[in-house]
Amino acid sequence: MTLHKVLKYLAIVIGIIGLVLLARVVITGDEAIENSADLQSSVLVPIMYLSYFVILAVLVLVGISVVKDLINGDIKKTLLSIGVFAVIILAGYLLANGVETEMNNGEMLSANASQWVGAGLIVFYILAAVAIGAMVFSGVKKLAK
């Protein structure tokens with residue numbers, strides 16, 4: 001049996017288990033689950049463990065796929081891309097301002113955390129500009145042909 005068939009049957013089994021667990025939640029009802037800690041643990045915990053299993057399986061398969069493609073592919077381009085991404089993150093962090101800020105719930109956001117939030121926004125803007133620029137460049141290049 002090929003790996004594809006095994007994974008297909010595994011996905012079907014996980015889907016059926018998920019449907020059974022969802023049916024248990026629906027049959028039990030929202031109010032009963034909210035009011036009883038025993039029902040919460042017996043009805044919701046299995047769904048949480050199934051979710052953890054699925055997330056772990058996906059992460060492992062993605063990790064294996066990435067390593068396999070790195071071994072078979074061009075590692076120089078991959079390392080260059082990772083380096084460029086790291087430089088963009090560093091530039092975003094250096095351009096961001098860190099100011100201690102009071103949040104809505106009364107807690108204080110540290111200056112370092114504020115700087116990381118700003119860095120995330122700046123990195124997003126840089127990557128969005130690069131993506132838009134690539135789309136425009138590609139469109140102009142196709143029109144030129």
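FYI, side chains are in, hydrogens and waters are out, and symmetry mates aren't considered; it's all heavy atoms of this structure.
Grouping the Ile, Leu, Val, Met, Phe, Trp and Tyr side chains by contacts below 4.5 angstrom, directly or via other members, places Leu44 with Phe53. When hydrophobic clusters are built by joining Ile, Leu, Val, Met, Phe, Trp and Tyr residues whose side-chain heavy atoms come closer than 4.5 Å, directly or via intermediates, Leu70 is grouped together with Val62. Linking ILVMFWY residues whenever their side-chain heavy atoms come closer than 4.5 Å, directly or via other members, leaves Val43 and Val45 in distinct clusters.
Separation of atoms OH (Tyr125) and CG (Leu95) is listed at 13.5 Å; rounding is to 0.5 Å. Rounding to the nearest 0.5 Å places CG of Leu22 at 9.5 Å from CD1 of Ile27. Atoms CD1 and CG, on Ile17 and Leu50 in that order, are 6.5 Å from each other to the nearest 0.5 Å.
Between the Ser36 side chain and the Ile33 main chain, no donor and acceptor come within less than 3.5 Å of each other. In this structure, the side chain of Thr28 engages the main chain of Arg24 through a donor-acceptor pair within 3.5 Å. Within the 3.5 Å criterion, the main-chain N or O of Ile47 finds a donor-acceptor partner in the side chain of Ser51.
Under a cut-off of 6.0 angstrom, the local environment of CG in Asn35 is crowded, with over 12 non-hydrogen atoms contributed by other residues, nucleotides or ligands. The neighbour count for Asn105 CG, taken as heavy atoms of other residues, nucleotides or ligands under 6.0 Å away, is above 12.
For the pair Gly118 and Ala96, the tightest heavy-atom approach, listed with the atom from each and the gap, is C-CB, 3.7 Å.
Phe85 pairs by the side-chain contact (heavy atoms from CB on, under 4.5 Å) definition with Ile89, Leu127, not counting sequence neighbours.
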